[in-house]
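Shown next, in structure tokens, is the structure this report addresses.
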Amino acid sequence: MLRMSTLLLRTLRDDPADAEVASHRLLVRAGYVRRVAAGIYAWLPLGYITLRNIERIIREEMDAAGFQEVHFPALLPREPYEKTDRWTVYGPDLFRLKDRRGNDYLLGPTHEEMFTLMVKGEYSSYKDLPLSIYQIQNKFRDETRPRSGIIRGREFVMKDSYSFDLDDEGLAISYEKHRNAYIKTFNRLGMKYNIVSAMAGAMGGSRSEEFLAPCPTGEDTYVLCESCGYAANVEAMVTKVAEFTGGSAPAMEVFDSPNTPTIDSLVELLNETFGGNYQASDTLKNVLLMADDEAISVLVPGDREVDLKRLQANLPGVTDLRLFEDADFEKRPGLVKGYVGPQDAKALGLTLYADPRVVIGSSWVTGANARDKHVRFVTHGRDFTIDSFIEAAEVKAGDLCPVCATPVVIDRAIEIGHIFQLGRKYAQALDLTVLDKDGKPRVVTMGSYGIGVSRAVAAIAEQTHDEIGLSWPREVAPADVHIVATGKEDLPFNEAEKLSLELEKLGLRVMLDDRRDASPGVKFKDAELIGIPYIVIVGKALAEGKIELRVRKSGEKEEVELSNAVAEIYSAITSN
RNA sequence: CGGGGCGUAGCGUAGUGGCUAGCGCGCCUGCUUUGGGAGCAGGAGACCGGGAGUUCGAAUCUCCCCGCCCCGACCA
């Protein structure tokens, strides 16, 4: 039983000044967590109980799916990460340290290497596969900008699983098992979520999905088709392109266009000069970037921006991507800022990528690669050719679903889980092979599956809180019922105590507010802030032999005969 | 890393060169109070983020450093 009189808990009346998002504010105010350093938090008893509840639910679902739990150190040697290149690729996000002999160590940001090596050390036959193992461990990433309290920290708790299979079919099955286990887990956690297509990213692999908890403070943006259910991270959104049906355009025609460095000014000039009804979407924007050491141009319709995240996600080999700066223009005199066109790209040494809307045969108004000059009727396939289409244009609400062509909606969310088919990258790098039926060594294929455990605490808080405090789903809450004794006599305290003990006997988790010195108002406010799903008040109504039962989420109140209290409370709590 | 903001007691804050750094919450003692963050009285708690400087005098001005928050970039 949790007793408020002795619990290490001090609720705060005011919002902490450094907290912006609801989960952060409330978890601090309600005494669940305290900040230790930027992006690093300590868990007080209530918070730690909540965190462990989530761990327990995850563990139960992982075990039920037949996955085995292991545990690795957080402190890891350099060598394995050297072999997979991540010692360098991970860059400054990796916490590195040296031991007294000067050897390099790191604090694990994720543990692919360790899992791979563990399997390599123990298994060597195809008969041992498939295998899925997982751990729940603190992870460390020296984020450039930790933010939103618990949502994005530098030290955080993650559940990560890895599957090991001989072939792609096996991997697909393991992936599906994890996917189902995740669905069960997040359902039990009482979360709203969407499963969306994601980019496998630089890790390679064929299939990748994210579990996103919709929430306005989320960092991820995704699209959802309410008609067919298609859902994708914006990075992975596929553009729906109408087939090109227009006729052939007249020959290219250069025209003077002084002082039109922006699309708006260009459209204005077009309509003044040529009449007609030109729109931003009739122009072709040439966005120049440096992709590592290569100059690239991304062609998008004039009414779209380039989304750098999407572009980066679709240029997996590129590590350093940035927009052209003045110095880059100076180095390439053929490129005139504001007047770039794709016609001479080859001569100018540009690699050309185009948004899928720039279909072959379509013609555009674009820059003439000369100051104060644009050109009309520039036709894809006739006047320029591209190196490749690319999904890099910003996604807007109302864009068409690639599956059923219905306008999609856009929403923000917190990423709470990510599953993907890793493939053989790590197994290859660390030489994890097993002998197949023919006695030949084969490289194992892997899947990787993560759940942000501490982040889930915050995500649930974000989704379930209200103006007055937290409001947990029962399985996650630090207790099932919060019993408050009020009054100055001993009677309510004694009755509350008895009630608590009896409810505990029935297997309920009870928090008892047995503080003698706190006023009723303080106790009620605290109960609402802390967010245990049921609140029982033993006080004034005792005079009529009654207690009061409240539902935190709905605010419903009900008076219950003391004689029936145990049964009624028990059935209210366990009935849903 | 770029832009913006902040740093005064456990928390929230006032204080633009002048007296002993003020207030609310919380904490301690006593009395009163007990169904919506109670009242009265008394009390503890701050090297004003750190360092250097300017000045008769610095929380306050200057410089450097550190830390933190927000937006962006980045992020298995």
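In what follows, every chain begins at residue 1, and chains take the letters A, B, ... in the order their sequences are listed. Quick caveat, the model's predicted, so the values are computed rather than measured.
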Mind listing the N/O atom pairs, protein and nucleotides 23-28 of chain B, below 3.5 Å?
from	atom 1	to	atom 2	distance (Å)
B:G24	N2	A:Asp14	OD2	3.4
B:C25	O3'	A:Arg13	NH2	3.1
B:C25	O2'	A:Arg13	NE	3.3
B:G26	OP1	A:Arg13	NH2	3.1

Does A:Arg154 make a cation-pi contact with A:Phe95, if we ask for NZ or CZ under 6.0 Å from the ring centre and within 45° of the axis?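 Judged by the rule (NZ or CZ under 6.0 Å from the ring centre, within 45° of its axis), A:Arg154 is not positioned above A:Phe95.
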Please say whether the positively charged group of A:Arg96, taken as NZ for Lys or CZ for Arg, lies over the ring of A:Trp87, i.e. under 6.0 angstrom from the six-membered ring centre and within 45 degrees of the axis.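 Relative to the ring axis of A:Trp87, which defines the angle, A:Arg96 lies inside both limits.
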Spacing of A:Phe420 atom CZ and A:His418 atom NE2 [to the nearest 0.5 Å]: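 Those atoms lie 5.5 Å apart.
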With rounding to the nearest 0.5 angstrom, report the CG to OH distance, A:Asp85 to A:Tyr90.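 Going from CG on A:Asp85 over to OH on A:Tyr90, the span is 14.0 Å.
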[X] has an atom [atom1]; how far is it from atom [atom2] of [N], in whole Å?
| X | N | atom1 | atom2 | result |
| --- | --- | --- | --- | --- |
| A:Asp18 | B:G12 | CG | P | 7 Å |
| A:Arg35 | B:G7 | CZ | C1' | 11 Å |
| A:Asp307 | B:A73 | CG | P | 8 Å |
| A:Glu548 | B:G36 | CD | C1' | 11 Å |
| A:Ile537 | B:G35 | CD1 | P | 12 Å |
| A:Leu8 | B:G10 | CG | P | 16 Å |
| A:Arg516 | B:A38 | CZ | P | 18 Å |
| A:Asp292 | B:C74 | CG | P | 13 Å |

Check every strand shown and say whether [X] touches a base, only sugar-phosphate, or nothing at a heavy-atom separation below 4.0 Å.
| X | value |
| --- | --- |
| A:Ser148 | sugar-phosphate |
| A:Arg147 | base |
| A:Ser448 | nothing |
| A:Glu528 | base |
| A:Asp160 | nothing |
| A:Glu489 | nothing |
| A:Ala19 | nothing |
| A:Lys523 | nothing |

salt_bridge([X], [Y]) N-O dist < 4.0 Å:
| X | Y | result |
| --- | --- | --- |
| A:Glu176 | A:Arg207 | yes |
| A:Arg550 | A:Glu548 | yes |
| A:Arg310 | A:Glu394 | no |

Could you give the distance separating [M] and [N] at their [atom1] atoms, to the nearest angstrom?
| N | M | atom1 | result |
| --- | --- | --- | --- |
| B:C68 | B:C25 | P | 31 Å |
| B:U33 | B:C69 | P | 47 Å |
| B:C47 | B:C65 | P | 25 Å |
| B:C71 | B:C63 | P | 28 Å |
| B:G51 | B:A59 | C1' | 16 Å |
| B:G67 | B:G26 | P | 34 Å |
| B:G10 | B:C28 | P | 16 Å |
| B:C27 | B:C64 | P | 43 Å |

[X], nearest nucleotide to its side chain (from [options]):
| X | options | value |
| --- | --- | --- |
| A:Ser519 | B:G36, B:A38, B:C68 | B:A38 |
| A:Arg145 | B:C74, B:G72, B:C68 | B:G72 |
| A:Lys488 | B:G36, B:G72, B:U34 | B:U34 |
| A:Ala17 | B:C69, B:G35, B:U13 | B:U13 |

Complement of [N], any strand, by Watson-Crick or G-U distances under 3.5 angstrom:
| N | answer |
| --- | --- |
| B:A52 | B:U62 |
| B:A21 | none |
| B:G26 | none |
| B:C47 | none |
| B:A14 | none |
| B:G36 | none |
| B:G72 | B:C1 |

Would you say A:Thr144 reaches B:C74's phosphate, i.e. side-chain N/O to OP1/OP2 under 4.0 Å?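 No, A:Thr144 has no side-chain N/O under 4.0 Å of OP1/OP2 on B:C74.
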Answer yes if the ring centres of A:Tyr193 and A:Phe186 are under 6.0 angstrom apart, and no otherwise.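 Close enough - the centres of the two rings lie under 6.0 Å apart.
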Taking the ring of A:Tyr449 and the ring of A:Tyr162, is the distance between their centroids below 6.0 Å?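 No: the rings miss the under 6.0 Å criterion.
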Find which nucleotide of RNA chain B each of A:Ala38 and A:Thr110 is nearest to by heavy atoms, and output the residue with the more 5' nucleotide.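 Closer to the 5' end of RNA chain B: A:Ala38.
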Let me know, please, whether A:Pro146 or A:Pro16 comes out on the 5' side of the other along RNA chain B by nearest nucleotide.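 Comparing both residues, the 5'-ward one is A:Pro16.
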Give me each pair satisfying ring-ring contact (aromatic ring centres under 6.0 Å, His included) with a member in residues 11-41 of chain A, each pair once, sequence neighbours excluded.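 Residue pairs passing ring-ring contact (aromatic ring centres under 6.0 Å, His included), neighbours aside: A:His24-A:Tyr41, A:Tyr32-A:Trp472.
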Is it true that a side-chain atom of A:Gln463 and a backbone atom of A:Pro214 form a donor plus acceptor pair closer than 3.5 Å?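 Yes; judged by distance alone, with no hydrogens or angles, the pair exists.
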